[in-house]
Novice: 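First the structure, then my questions, so here it is.
Sequence lines set the chain letters: A, B, ... in the order given, protein chains first and strands last, and positions in each chain run from 1. Source: prediction; values computed, not measured.
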Amino acid sequence: MIVENVINEIGRSLEGVLAFYNLTKSEVNFEISEPHVKDFGDFSTNICFLLAKKLKKSPFEIADHIVNTILPTNSIFMNKDGLIESVSFLNPGFINFKINNKVFVREFFKEVANNPKFEPENKNFSNSNELILIEHTSVNPNKALHVGHLRNAVIGDCLYRILRTAGKDVRVINYIDDSGVQVADIIVGFKHAGFSTKVDDQEVSKEKIKFDHYCGNEIYVKTNDLYKSRPDLEIKRKMILKELENPESETSLFTQTIVDRVLKDQLKTCWNLRCRYDLLCFESQIVQSNLWTDIFSILRDNEIIYYEKVGKNAGCWVYKSEKEGDKILVRSDLTLTYFAKDIPFAVWKLGFLRNPFDYDIYANQWDTSILYRTNIKKNRYKALEADSDFGNEPMIDFNRISKVVTIIDLRQERLQNLLVEILGKLGMDSKYKYLGYEPVILSQSSLDSLGISGEDKKSLHMSGRKGIYIEADRALSILEERSKVETRKRNPELSEEEIAFISKEISISALRYFFIKFDLEKMITFDINESLSLEGDTASYIQYAYARGKRVEDKNTEASILKKQDKIGNKIEILDFSPTEIELIKHVCRYDIELKQAGKNIDPKVLSKYLFQLATMFNNFYEKSPILKEKNELLANYRALILNSTLEILKLCMNIIGITPLMRM
RNA sequence: GGGUUCAUAGUUCAGCAUGGAUAGAAUGACUGCUUGCGGAGCAGCCGGUCGAGGGUUCAAAUCCCUCUGGACCCGCCA
């Protein structure tokens, strides 16, 4: 869009300046940014500071020379009808560029008339030779999701939407550890501690209860308590873990049914929050696939891992890291450590090993897409058949993988570093990226409301095992109730169904926005009251801006008439647009720049900041620039066009973050 | 003990990657704004030794070092 064009234009002319000094961009990597103070101009550059060292002159002197001697020879700045109105320089040595607002506004309306929906130019990403895999959520299937898991899921899902919108081909994986200790714990509960599996919504209590909540709150927590008084249960757990190695064993079959029930309930929560996935990868399948034996021999033969004969790790296979020290992969009893299990999966995602999986349909999702699950290939013919379920191309074309992103709690950073080291020795580290985020902790007042004592600490990390958490479903329903009260108050004429629908969308949006607006490296303290606010820097603020704007648009049809008559540009010169309006237009035009930035930095926060700012500027415009009440018809029509385009961009960004654009609220 | 990371307004946080002009939001407190497109809003006001100290630089919230305080990681647990 226009702003990006202007920046590129300025960039080219500055490269011309460098040419004057016989320098190039690679030698002087100048930046074009926006000054904090609007009066200085729309853009500024630091080129003089960089040149100062090379030319041994003061930045101010250089700025003077560039602005008064070099730039005037450049036609871009001589043209009175060009987008750049003036170039100036200021104290330490900044060169500031000012946009010609009249020209800019005219160009903007021309562009809006051509592409009012801001549709991207090409959308056929399936032909792209790049494929990005994102793994997120990956919660153990023995409990319900809590608000900490939500941070993971929402970051991952927003990243998916950002990359997808930017035209990338992306697949989302959810990794299911269905054969680890955490699952074994609840199997112990069912088989040896007397917990019933028959909780079909009513049996445990009179209220409906989801199976994942039942497993997490009742069985997981209570079974873990029991270990203290009943050591026999720990022995049972060991036996169960052993039995799980055989996929045909009775225990395995039973576990599969339990995992399936929990997983379906977990997915309900995720889908409820508008997350979606392409593929579920089961740990048990990876174990059966023998991917481990393949990668193990490669690691052994390349002397990346060693067998320890003496010392404290005698009898183990060990990776020796220069930075992190020794890390055991295979214990002396030949079982694999948690860390080792991650390697075959990572290597499979990168397409380094053969693909042993078929893809079977697991479920239909809220967005009508199909969720697949891995299944060990029974034979070749079956494999071909399964691939054809996903159109003509395989579900994941491992030849095209350009990046694998894993969204993961920063507490696992050390292990991820080790993994990257090992991948590096196999020559694959450049494609592997882990995106770490700090965990979510519970505030004092949240702990109080849960009846948990934080002892002398003000906040606590969540723990599924200890029962210290707020379930995602619970946070959502609290928010939903609050939104209902507000919505009902404001819209007494709406039916309960309509109010329920609106409140649900408000609560989902609020929760999603809350989890991406913070820096990934910042711990989030979840407070049951303050975190679930609907005012200020929240999704509701953005939705409210959209709803009231939409309301005006509905009542005003002039804009579309104007577009049809194609009068754009005709009388525009006689109109005076206010600074508020011009600022808004300029911000609207930054959409593609911000989207690129978010994708490049792999950071959804970039977009949420942009969106909030856009909503703020729009609310400003809404207050100051009436449309329906404006007597100057031409001006009203042009304002309506600004309204249209702002709403379009708002909607695009809201969809990327997963905030529902509402007509009423 | 070794390592990673964080510290900015009463509170919650942007800004730091790539040093640059007067450090920004939100919230809270206070004051206004509704015959005017929806007040989940708008405008105003209050609020800062950017944890402390040193260094590099023409220039440091931003880079380097030390210190203080918090969080996390460092297992033949996951």
Novice: Over how many whole Å does the gap from N46(A) atom CG to U18(B) atom C1' extend?
Specialist: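 Rounded to whole Å, this separation is 9 Å.
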Novice: Where does the angle between the aromatic ring planes of F526(A) and F515(A) fall among parallel (under 30°), tilted (30 to 60°) and perpendicular (over 60°)?
Specialist: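 Because their plane-to-plane angle is under 30°, the rings of F526(A) and F515(A) count as parallel.
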Novice: Stacking here means centres under 5.5 Å and planes under 30°; does F40(A) stack on A21(B)?
Specialist: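 The ring of F40(A) is stacked on A21(B).
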Novice: Using only side-chain N and O atoms of H461(A), determine if any of them is under 4.0 Å from OP1 or OP2 of C72(B).
Specialist: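 Checking C72(B) against H461(A), a side-chain N or O does come within under 4.0 Å of OP1 or OP2.
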Novice: When you compare A9(B) with C46(B), how far apart are their C1' atoms, in angstrom units rounded to a whole number?
Specialist: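 The answer is 10 Å between these two C1' atoms.
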Novice: Separation of L418(A) atom CG from U4(B) atom P, in whole Å?
Specialist: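 After rounding, the gap between these two atoms is 14 Å.
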Novice: R590(A) and E594(A): salt bridge (Lys or Arg N to Asp or Glu O under 4.0 Å), yes or no, with the steps?
Specialist: CA-CA 6 Å; R590(A) 291 185 57 82; E594(A) 301 287 343; 3.2 Å; yes
Novice: Quick one: is N619(A) getting a side-chain N or O under 4.0 Å of the G41(B) phosphate, OP1 or OP2?
Specialist: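 So the side-chain polar atoms of N619(A) never come under 4.0 Å of the phosphate oxygens OP1 or OP2 of G41(B).
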Novice: Mark yes when over 12 heavy atoms from residues, nucleotides or ligands other than E234(A) sit less than 6.0 Å from its CD; otherwise mark no.
Specialist: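 Yes, enclosed.
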Novice: Please report the distance, rounded to the nearest Å, between CD in E630(A) and P in G36(B).
Specialist: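 Distance check: E630(A) CD to G36(B) P gives 17 Å.
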Novice: So, under a plain 3.5 Å distance rule, would you say the side chain of R331(A) forms a donor-acceptor pair with the base of C76(B)?
Specialist: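 Check fails, no donor-acceptor contact within cut-off.
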Novice: Find the distance K624(A):NZ to G36(B):P and express it as a whole number of Å.
Specialist: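 So the two atoms are 20 Å apart, to the nearest Å.
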Novice: In whole Å, what separates the C1' atom of U31(B) from that of G38(B)?
Specialist: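 Taking atom C1' in both U31(B) and G38(B), they lie 24 Å apart.
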Novice: Determine, for F518(A) and K605(A), whether the Lys NZ or Arg CZ falls below 6.0 Å from the six-membered ring centre while staying within 45 degrees of the axis.
Specialist: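 Relative to the ring axis of F518(A), which defines the angle, K605(A) lies outside at least one limit.
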Novice: Each nucleotide N or O in nucleotides 9-16 of chain B that has a protein N or O under 3.5 Å away: list the pair and distance.
Specialist:
from	atom 1	to	atom 2	distance (Å)
A14(B)	OP1	D519(A)	N	2.7
A14(B)	OP2	K522(A)	NZ	2.7
G15(B)	OP1	K605(A)	NZ	3.1

Novice: Send over the distance from F621(A) CZ to A43(B) C1', rounded to a whole Å.
Specialist: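 So the two atoms are 18 Å apart, to the nearest Å.
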Novice: Is R237(A) close enough and on-axis enough to Y227(A), meaning under 6.0 Å and within 45°, for cation-pi?
Specialist: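 Because its charged atom sits under 6.0 Å from the ring centre and within 45° of the axis, R237(A) does stack over Y227(A).
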Novice: Decide, yes or no, whether a salt bridge links E34(A) with K586(A) under the criterion of side-chain N to carboxylate O below 4.0 Å.
Specialist: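 No.
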Novice: Both distances below 3.5 Å, Watson-Crick or wobble geometry, any strand: find the nucleotide opposite G41(B).
Specialist: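 Paired with G41(B), as far as the under-3.5 Å criterion goes, is C33(B).
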Novice: Report the distance from atom CG of D177(A) to atom P of C77(B), rounded to the nearest whole Å.
Specialist: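 Result: 16 Å.
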